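Contents: one structure, followed by commentary.
So you know, we letter chains A, B, ... as the sequences are listed, proteins then strands, and number each from 1. Given the structure is predicted, the values throughout are model-derived calculations rather than measurements.
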Amino acid sequence: MGRYVARRLLQMIPVFIGTTLLIFLMVYALPGDPVRALFGDKGADPTTVARIRHDLGLDQPILKQYWDYMTGIILHFDFGNQIASGRPVRDVLGEAFPVTIRLASLAFAIELVVGIALGVWAGMRAGKLADSLVLIFTLLLISVPVFVLGFIFKLVFAFQLGWMTPNVQDDTNYSQLLMPAIVLAALSLAYVARLTRTSIAENLRADYMRTAVAKGLPRRRVIGVHLMRNSMIPVVTFLGTDIGALMGGAVVTEGLFNIHGVGGTIYESILRREGTTLVGLVTVLVLVFLFTSLLVDLLYAVLDPRIRYA
Amino acid sequence: MRGAKSATWVAGAIIVAMAATACGGGGGDKGSKNDAGGVNPNGKFSVEVGEPQNPLQPANTMESNGSIVVRSLFAQLVDYDPQGKIVMVNAQSVDTKDNKTFTVTLKDGWTFHDGTPVTAESYVKAWNWAANINNAQTNASWFADIKGFEDVHPAKEGAKPKADAMSGLKVVDDKTFTIELTTPIPYFVYKLGYEVFSPLPESFYKDPKAAGENPVGNGPYQFVKWDHKKQIEVKRFDGYKGPDKAKNGGVIFKNYTGLEAAYEDLKSGNVDVLRQIGPKDLPVYRDDLGDRAVDQAYSAIQSIVPAFYSKQWKNVDPKVIQGLSMAIDRDTITKTVLQGTREPATGFVAKGVLGYQDNVGGDVFKYDPAKAKELIKAGGGVPGNKISIQYNADGGHKEWVEAVCNSISNATGIKCAGDSKADFQSDLDAREAHEVKSIYRSGWVLDYPVNANFIRDLYATTSAGNQSGFSNKELDSMIKKADIAPTLDESVKEYQAVEKKMVELMPAIPLWYYKVNAGYSENVSNVQYAQNGDPVLTGVEVKK
């Protein structure tokens with residue numbers, strides 16, 4: 001087990017270098033000069049442009065820029081400075097991630113609790129009315145685009161019922177984050193419910209279930225331990241990758257509710273060609289993805305004793 | 001599922017843009033705040049802005065989000081009123097005999113927010129610092145009129161400055177300094193109202209970067225704090241001596257990523273003043289807000305400009321361009337596609353600017369398909385009988401570009417298509433590199449309210465704003481003559497003649513003037529919008 005973890009951690013290094021280099025090159029390949037764009041429609045003075053480029057090291061060859069950037073991150077945990085504002089990217093990341101982590105963890109909790117509950121409920125009654133109801137409900141969530149759902153929520157809960165503000169005013173306030181979190185969780189919730197439902201319905205007919213029931217174990221233990229534990233493997237796989245997606249992929253939801261998190265910052269960095277910011281954000285997200293997938297793999301062994309890592 | 005997820009990430013940008021236009025809705029206005037009447041002179045109100053791109057240094061701020069904040073914190077020597085007349089602010093007087101050497105006398109008793117006095121040195125040192133190439137300020141070229149600019153800001157890339165002060169700026173005493181220009185400019189005083197020409201306190205130079213995060217100015221408001229990506233707070237500066245003392249306790253610049261979200265917050269009372277209404281809400285905002293809806297012209301113009309360096313337009317007869325101009329049905333397009341947010345242009349100079357002439361273009365700016373065809377034929381036709389209009393897809397231009405194209409095609413039979421660039425950066429790149437194939441879109445908001453700003457800074461051969469390669473000897477000499485006119489009035493008159501000449505030469509096809517479409521909440525009153533389209537913050541009154 002220890003060796004397996006060590007091997008996995010070592011594998012992360014090339015993945016990490018590869019992804020950051022790719023992103024770096026992609027930003028570089030985008031047309032448009034971020035320094036020139038500081039001047040907008042008005043004419044830019046070439047001397048000033050050249051000077052700013054020089055100060056930021058943008059006149060260096062691309063691989064040299066990448067090298068400087070990576071050594072900065074690894075040796076000093078320094079992500080460089082933003083082009084327009086000159087602020088350290090570390091500060092920008094420090095502002096965006098806490099907000100997103102709050103939103104994502106709330107959404108994750110919602111999809112975990114509601115999704116699995118719905119899935120178990122439907123799976124235990126496969127083919128009955130309850131199952132059909134969950135099927136229709138999740139189909140609805142999957143087919144309605146996020147921004148439509150967001151608008152409907154705002155219309156109903158903010159403007160007609162007046163229960164909450166339409167947009168997030170204070171992003172440390174969890175009750176304000178609740179509405180965007182539900183919208184953000186909706187799609188994944190539907191997937192979790194469906195995965196759980198199928199898995200439960202299938203495992204209900206498994207041999208070990210019949211054995212457990214025949215042994216005379218209490219029903220709560222049969223379902224809670226024997227059935228759930230074995231049915232969770234596909235769900236855990238999905239949930240693991242979904243953490244990363246919730247953090248980086250909330251561009252639409254964040255924009256809709258005026259939350260200044262990672263998604264919006266990525267979008268803005270692409271528009272403004274803020275290469276350093278973008279690579280910094282993506283680097284952290286890559287790390288999140290790598291660690292959650294490792295965690296998921298290790299969880300397999302916990303959930304299913306047949307799986308062993310040498 | 002994984003695929004679908006990562007696609008969301010990549011396509012997020014597109015979806016955001018779509019979300020902005022798709023899906024109507026919006027509930028009724030349910031504001032019924034206790035309206036006791038009366039004004040609270042210490043009340044604060046909030047304004048919608050985006051996150052400023054640059055540090056809040058006066059000479060480093062160009063985009064609108066930063067400049068509205070900088071303008072609240074810094075006062076300049078002069079300002080101008082809505083009629084375009086100069087008003088003295090920090091200056092007691094700005095005198096000149098020859099439009100080349102100006103003597104500035106400052107008012108007594110002015111201080112910065114940190115209590116240090118505003119002296120002649122505060123101005124001269126600040127301008128020298130901003131012009132210096134070593135400090136790489138984006139607005140440095142504004143000082144190019146001043147003698148000795150090349151010494152601190154060499155034209156050659158990578159060259160080191162020869163001096164650290166411009167020879168044209170001389171401090172006479174604590175309250176007086178002189179400005180010497182390289183050539184006479186009759187309207188130079190107007191330029192002094194731009195925030196680039198702000199003074200800076202001594203504390204600035206110790207750490208300019210930190211000062212950009214925590215600016216100390218001499219303006220009507222004093223900086224309180226900047227929560228990045230959330231809000232910037234300023235409060236009234238009680239020691240302010242200028243004519244535009246704040247009638248409220250302070251301003252909170254609230255950060256919004258989208259106009260739709262800001263509009264929803266306006267309706268639910270979470271933000272007080274908007275600068276703009278999103279396209280989704282334009283059809284309903286007048287009904288929603290009643291007399292709190294703002295619909296007012298400001299001094300900016302949208303044009304389409306032929307790329308005169310391209311093969312197609314190199315030696316074209318101006319009659320062809322006149323013809324194209326007459327083939328555009330500006331009235332209908334502004335009313336339908338643009339939902340009344342623009343006003344058809346009748347000249348090259350925008351409304352509200354000193355020297356604006358009503359209907360200078362006459363028939364050339366009126367829709368007349370028959371005449372359009374005739375003119376284009378007389379001018380030898382459009383080479384290739386096909387044009388394209390380059391625009392940036394992220395600026396909401398697509399709809400009107402298509403409408404203009406349809407109008408031209410229907411009226412003249414010339415094939416016309418939009419040439420979309422992914423975003424503003426790529427659009428600018430192509431314009432800068434002279435790679436525009438046919439025609440491009442161009443917008444211009446005033447820098448100073450004199451018609452020269454819309455003429456010389458865009459169409460003189462050597463102007464930085466002239467990106468189309470347009471060059472006409474006669475026009476250049478007329479501009480030169482207007483620049484050396486002995487008084488401002490005469491210069492403005494000369495420029496009016498230049499504008500008339502431009503109708504013959506057609507260096508661009510002006511389309512329409514911008515309007516402010518905005519609104520404010522029930523918490524505030526007396527919300528006015530200035531010529532640059534921004535709300536006048538100091539005048540806003542907060543209700544009790």
Side-chain angles (χ1 to χ4, degrees), chain A residues 31-34 36-48 50-52 54-55 84-87 91-92 95-96 145-148 151 154-155 158-160 162 165-167 169 171 191 238 241-242 245 248-249 251-252 254-258 260 263-264 266-268 270-273, chain B residues 1-2 5-6 8-9 12-13 15-16 19 22-23 25-28 30 52-55 62-63 133 136-138 140-141 153-159 209 212 228-230 255-258 261-262 264-265 267-268 270 394 422-426 428-429 432 442-444 463-467:
Chain A
D33 177 356
R36 171 61 187 88
L38 293 177
F39 294 82
D41 245 345
K42 314 264 161 165
D45 151 36
T47 336
T48 313
R51 179 75 197 195
I52 297 175
H54 178 75
D55 287 351
S85 68
R87 300 178 61 222
D91 291 2
V92 177
E95 282 153 18
V146 181
F147 60 87
V148 175
F151 276 123
K154 280 189 184 187
L155 187 66
F159 288 113
Q160 290 185 344
T165 58
N167 297 301
Q169 308 294 326
D171 52 34
Y191 285 133
F238 176 77
T241 51
D242 204 42
V251 183
V252 180
E254 286 185 0
L256 211 52
F257 291 95
N258 199 36
H260 306 287
I266 290 180
Y267 177 58
E268 188 190 88
I270 295 174
L271 279 189
R272 292 186 182 172
R273 305 285 188 277
Chain B
M1 260 173 300
R2 260 171 112 164
K5 278 283 173 186
S6 48
T8 323
W9 190 5
I15 295 168
V16 168
C23 186
K30 47 136 202 123
Q53 266 191 47
N54 310 302
M62 245 184 190
E63 40 81 56
I133 181 70
Q137 299 285 293
T138 48
S141 55
H153 196 108
K156 220 179 108 215
E157 283 176 28
K209 217 171 169 184
H228 282 281
K229 298 240 169 137
K230 288 194 188 104
N255 191 324
Y256 283 94
T257 43
E264 286 161 1
D265 271 8
K267 283 199 295 182
S268 56
N270 289 309
D394 62 348
D423 53 21
F424 189 48
Q425 269 92 332
S426 351
L428 268 182
D429 253 21
E432 198 87 336
S442 167
W444 188 262
S463 287
N466 181 347
Q467 296 172 325

Worksheet entry | Pairwise side-chain contact, B:H228 with A:D91, heavy-atom cut-off 4.5 Å (strictly under) |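 B:H228 vs A:D91: side chains apart.
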
Worksheet entry | Heavy-atom check, side chain of B:N270 versus side chain of A:P166, under 4.5 Å |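 In contact.
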
Practice prompt. Would you mind telling me which of B:G258, B:A155, B:A140 has the largest number of heavy-atom pairs within less than 4.5 Å of chain A?
Written response: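 Highest number of heavy-atom pairs under 4.5 Å: B:A155.
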
Discussion item. Less than 4.5 Å to any heavy atom of chain A: does that hold for the side chain of B:K229, its backbone, both, or neither?
Written reply: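 Both backbone and side chain.
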
Fill in: Part of B:N466 lying under 4.5 Å from any heavy atom of chain A
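Nothing of B:N466, per the 4.5 Å heavy-atom cut-off to chain A.
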
Item to complete: Let me know if A:D55 has heavy atoms under 4.5 Å from chain B in its side chain, its backbone, both or neither.
Response: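 Side chain only.
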
State the [atom1]-[atom2] distance between [X] and [Y], to the nearest 0.5 angstrom.
X      : Y      : atom1 : atom2 : value
A:T48  : B:Q137 : OG1   : CD    : 9.5 Å
A:E254 : B:T257 : CD    : OG1   : 8.5 Å
B:E264 : A:N167 : CD    : CG    : 5.0 Å

Item to complete: Report yes or no: does B:D265 contribute a side-chain atom to a donor-acceptor pair with the main-chain N or O of A:T165 at less than 3.5 Å?
Response: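 Pair absent, no side-chain N/O of B:D265 close to backbone of A:T165.
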
Item to complete: Would you name the heavy atoms of A:I52 and B:A136 that are closest together and state the gap between them?
Response: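 Closest approach of A:I52 to B:A136, heavy atoms only: CG1-CB, 3.7 Å.
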
